[in-house]
A.B. asks: 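Here's a structure for you.
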Amino acid sequence: MFYFVRRGRCLDSIDLKGQPLDLDLTLGCGQAFRWRKREDGVWYGVVRDRLIELQVEGNLVYWRTYPDGGRELIVDYLRLTDDVNAANRWLSERDPHIAQLVERFHGMRLLRQDPTEALLSFVCSAANSIPRISAAIEVLASLYGELVCEKRGVCYYAFPKPERLAALEPGVLNVQGSLGFRGENLRMVAQQIVDQSEGWLLGLRNVPYACAHAELVAVRGVGPKIADCVCLFSLDKDEAVPVDTHVRQLAHRLFLPDLKAKSITNAVYRRVVDAFRERYGELAGWAQQYLFYEDLLRSRA
DNA sequence: GGTAGACCTGCAGAC
DNA sequence: CACTACAGGTCTACC
């Protein structure tokens with residue numbers, strides 16, 4: 001029935017049960033940096049300690065992991081037990097513009113990434129472009145990540161552990177992956193993760209959003225934007241709204257006509273967040289992701 | 001409570 | 001072809 005099954009060994013599938021999932025949107029919208037799409041349409045990327053291959057056909061997601069046994073990992077990472085339809089309905093009722101985007105970007109979902117990887121990845125994103133962030137992370141993984149598997153002569157590596165990055169000489173990361181000034185930030189943040197108690201970051205899933213955000217911005221080198229990215233993309237805080245230049249501009253256009261500021265001060269940041277929270281409540285982060293992606297396409301055009 | 005610079009690097013777009 | 005602007009921020013030093 002399709003190519004994916006004929007190649008190599010049999011694939012397992014998971015029933016989406018009527019919930020939408022579009023991999024192009026979900027893996028390509030900029031919330032994660034390690035996914036690539038093959039010529040044959042299959043998405044592949046390293047998540048934690050496995051290489052994952054994914055393809056959606058109809059109401060099934062076909063999957064394979066190397067090494068084997070990653071079913072739970074995929075269900076967790078893609079948040080397949082979420083009721084996305086309910087979330088989309090709720091958002092659509094509140095805002096016709098969002099309703100339109102829910103249709104246009106049907107199947108775009110938020111991920112549940114590893115918080116450590118998310119934090120370190122978004123530290124690399126400061127004043128950087130998405131292709132360069134991705135390239136830098138691949139370089140770091142190949143240099144300092146553990147080997148996950150080898151497939152057709154290509155080696156795949158896990159995201160580096162913070163211990164490893166923290167132990168590097170200052171300045172090394174500036175050159176590797178062309179991280180520039182972000183390299184030293186990365187090392188510092190990795191060190192601060194190591195200095196915290198075991199499981200600190202993961203534990204932020206179990207505290208309220210405001211609490212998690214406050215703990216993250218207390219890390220030197222982490223501001224409100226990176227903290228919100230970690231909250232939204234790895235800690236299940238669906239109300240988190242990362243405010244970058246795109247989001248500030250679209251908020252100005254859509255909600256805050258009198259917002260004159262050219263830069264994002266703390267006060268501006270709060271105003272934009274409040275505008276989202278007021279309109280979209282507990283799902284402000286989902287709304288942000290739809291609007292952000294629309295803006296991203298607009299600016300790429 | 002707000003603003004300007006600095007921080008690295010690569011690359012698109014103006015001369 | 002040398003050159004400048006700027007990219008999914010954060011920190012610091014100043015008003």
Side-chain angles (χ1 to χ4, degrees), chain A residues 25-35 105 108 110-111 113 117-140 165 168-193 213-234 240-253 256 258-274 276 284-301:
Chain A
L25 294 169
T26 300
L27 304 177
C29 70
Q31 61 178 317
F33 298 105
R34 300 205 65 194
W35 290 94
F105 303 136
M108 182 162 75
L110 292 173
L111 297 169
Q113 302 183 54
E117 173 172 341
L119 177 52
L120 295 172
S121 295
F122 280 100
V123 166
C124 301
S125 78
N128 209 348
S129 62
I130 294 173
R132 292 190 56 201
I133 300 164
S134 298
I137 288 172
E138 288 314 314
V139 169
L140 293 184
L165 297 176
L168 296 173
E169 290 295 318
V172 173
L173 290 173
N174 298 41
V175 184
Q176 290 168 343
S178 302
L179 278 173
F181 67 87
R182 303 163 199 89
E184 188 52 21
N185 262 353
L186 181 61
R187 198 184 60 83
M188 278 179 9
V189 172
Q191 181 62 57
Q192 291 171 89
I193 292 172
H213 191 266
E215 291 223 29
L216 286 167
V217 293
V219 175
R220 190 169 178 69
V222 177
K225 194 274 184 174
I226 292 175
D228 273 320
C229 285
V230 175
C231 282
L232 185 60
F233 302 138
S234 76
V241 179
V243 181
D244 57 26
T245 57
H246 291 282
V247 175
R248 178 183 61 76
Q249 286 172 44
L250 70 87
H252 169 60
R253 197 171 63 237
L256 302 167
D258 59 326
L259 187 70
K260 295 285 194 303
K262 294 184 188 67
S263 60
I264 304 177
T265 63
N266 278 337
V268 170
Y269 197 101
R270 216 176 355 263
R271 278 194 69 189
V272 173
V273 167
D274 288 346
F276 269 88
W286 289 76
Q288 178 272 0
Q289 199 59 18
Y290 283 119
L291 291 167
F292 169 78
Y293 194 60
E294 180 191 32
D295 205 73
L296 195 66
L297 293 187
R298 182 197 306 244
S299 69
R300 290 215 271 243

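Throughout, protein chains are lettered first and strands after them, A, B, ... in sequence-line order, and every chain is numbered starting at 1.
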A.B. asks: Have a look at A:Cys124 and say if it touches a base, only the backbone sugar-phosphate, or nothing, with a 4.0 Å heavy-atom cut-off.
C.D. replies: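 No contact at all - A:Cys124 keeps every heavy atom at 4.0 Å or more from the nucleic acid.
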A.B. asks: Output yes when a side-chain donor or acceptor of A:Gln192 lies under 3.5 Å from a complementary backbone atom of A:Met188, and no otherwise.
C.D. replies: yes
A.B. asks: Can you name the residues that form a side-chain hydrogen bond (donor to acceptor under 3.5 Å, both in side chains) with A:Gln249, not counting sequence neighbours?
C.D. replies: none
A.B. asks: Please list, by residue number, the residues of residues 170-190 of chain A whose heavy atoms come closer than 4.0 Å to an atom of DNA chain B; answer none if no residue qualifies.
C.D. replies: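 The answer is A:Ser178, A:Gly180, A:Phe181, A:Arg182.
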A.B. asks: Going by salt bridge (Lys or Arg N to Asp or Glu O under 4.0 Å), name the residues that satisfy it together with A:Arg248, two or more places apart in sequence or in a different chain.
C.D. replies: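 Once residues adjacent in sequence are excluded, A:Arg248 has no partner under the salt bridge (Lys or Arg N to Asp or Glu O under 4.0 Å) criterion.
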A.B. asks: Counting the atoms with a prime plus P, OP1 and OP2 as sugar-phosphate, which does A:Ala267 contact under 4.0 Å by heavy atoms, base, sugar-phosphate, or nothing?
C.D. replies: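 Here A:Ala267 touches the backbone only, sparing every base.
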A.B. asks: Before giving the answer on side chain to side chain contact (heavy atoms under 4.5 Å, CB included), spell out for A:Thr26 and A:Leu111 the whole-Å C-alpha distance, their side-chain angles and the decisive distance to 0.1 Å.
C.D. replies: CA-CA 8 Å; A:Thr26 300; A:Leu111 297 169; 3.7 Å; yes
A.B. asks: Using a heavy-atom cut-off of 4.0 Å across all strands, would you classify A:Ser129 as base, sugar-phosphate, or nothing?
C.D. replies: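 Since only primed, P, OP1 and OP2 atoms lie under 4.0 Å of A:Ser129, the category is sugar-phosphate.
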A.B. asks: With sequence neighbours left out, what residues match A:Arg253 under salt bridge (Lys or Arg N to Asp or Glu O under 4.0 Å)?
C.D. replies: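 If we apply the salt bridge (Lys or Arg N to Asp or Glu O under 4.0 Å) test to A:Arg253, skipping adjacent residues, the hits are A:Asp295.
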A.B. asks: Give A:Ile130 one of three labels, base, sugar-phosphate or nothing, depending on what nucleic acid heavy atoms sit under 4.0 Å from its own.
C.D. replies: base
A.B. asks: My understanding is that only residues two or more places apart in sequence, or in another chain, count here; which of them pass side-chain hydrogen bond (donor to acceptor under 3.5 Å, both in side chains) with A:Tyr293?
C.D. replies: none
A.B. asks: Would you measure the distance from the P atom in B:dA6 across to the matching atom in C:dT4 and give it in whole Å?
C.D. replies: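 After rounding to an integer number of Å, I get 15 Å for this pair.
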A.B. asks: Can you spot which of A:Val243, A:Asp258, A:Ile264, A:Thr265 makes a side chain to side chain contact (heavy atoms under 4.5 Å, CB included) with A:Arg271?
C.D. replies: A:Asp258
A.B. asks: What pattern of brackets, bars and dots sums up DNA chain B from 5' to 3', given Watson-Crick or G-U wobble pairs under 3.5 Å, [ ] for crossing pairs and | for another strand?
C.D. replies: |||||||.||.||..
A.B. asks: What pairs with A:Arg187 under salt bridge (Lys or Arg N to Asp or Glu O under 4.0 Å), at least two apart in sequence or on another chain?
C.D. replies: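 If we apply the salt bridge (Lys or Arg N to Asp or Glu O under 4.0 Å) test to A:Arg187, skipping adjacent residues, the hits are A:Glu184.
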A.B. asks: Who are the ring pair (Phe, Tyr, Trp, His ring centres under 6.0 Å) partners of A:Tyr269, not counting sequence neighbours?
C.D. replies: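 Checked A:Tyr269 against ring pair (Phe, Tyr, Trp, His ring centres under 6.0 Å); zero matches.
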A.B. asks: Which part of the nucleic acid, if any, lies within reach of A:Arg132 when heavy atoms closer than 4.0 Å are counted: base, sugar-phosphate only, or nothing?
C.D. replies: base
A.B. asks: Please state the P separation for the pair C:dC11 and B:dG10 - nearest whole angstrom.
C.D. replies: 25 Å
A.B. asks: Using a cut-off of 4.0 Å on non-hydrogen atoms, how would the nucleic acid contact of A:Pro224 be classed: base, sugar-phosphate, or nothing?
C.D. replies: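 Contact class for A:Pro224: sugar-phosphate only.
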A.B. asks: What residues form a salt bridge (Lys or Arg N to Asp or Glu O under 4.0 Å) with A:Glu215, not counting sequence neighbours?
C.D. replies: none
A.B. asks: If you walk 5' to 3' along DNA chain C, what is the first nucleotide with an atom under 4.0 Å of a heavy atom in chain A, and what is the last?
C.D. replies: C:dA7 to C:dT12
A.B. asks: Quick one: how far along DNA chain B does chain A reach, first to last nucleotide 5' to 3', anything under 4.0 Å to a heavy atom?
C.D. replies: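 First-to-last contact on DNA chain B, by the 4.0 Å heavy-atom rule, is B:dG2 to B:dG10.
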A.B. asks: When you measure from the side chain of A:His213 to the backbone N and O of A:Ala227, does any donor-acceptor pair fall under 3.5 Å?
C.D. replies: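 Side chain of A:His213 to backbone of A:Ala227: no pair is present.
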A.B. asks: With a 4.5 Å limit on heavy-atom distance, are the side chains of A:Val241 and A:Asp228 in contact?
C.D. replies: no
A.B. asks: With the threshold set at under 4.0 Å for non-hydrogen atoms, list the residues of residues 243-251 of chain A touching DNA chain B in residue-number order.
C.D. replies: none
A.B. asks: Can you tell if the side chain of A:Ser121 reaches within under 4.5 Å of the side chain of A:Ile133, non-hydrogen atoms only?
C.D. replies: no
A.B. asks: Taking the side chain as everything from C-beta on, heavy atoms only, tell me whether A:Leu179 gets closer than 4.5 Å to A:Leu140.
C.D. replies: yes
A.B. asks: Under 4.0 Å, heavy atoms only, any strand: does A:Gly221 hit a base, just the sugar-phosphate, or nothing?
C.D. replies: sugar-phosphate
A.B. asks: Tell me whether A:His246 contacts the main-chain N or O of A:Phe292 through its side chain, where contact means a donor paired with an acceptor under 3.5 Å.
C.D. replies: no
A.B. asks: P atom, C:dA2 versus B:dC8: distance in rounded Å?
C.D. replies: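 Looking at atom P only, C:dA2 and B:dC8 are 25 Å apart.
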A.B. asks: Taking the C1' atom of each, how far is C:dG8 from B:dG2, in whole Å?
C.D. replies: 23 Å
A.B. asks: So, A:Arg182 side chain and A:Ala126 main chain: donor-acceptor pair closer than 3.5 Å or not?
C.D. replies: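 Present.
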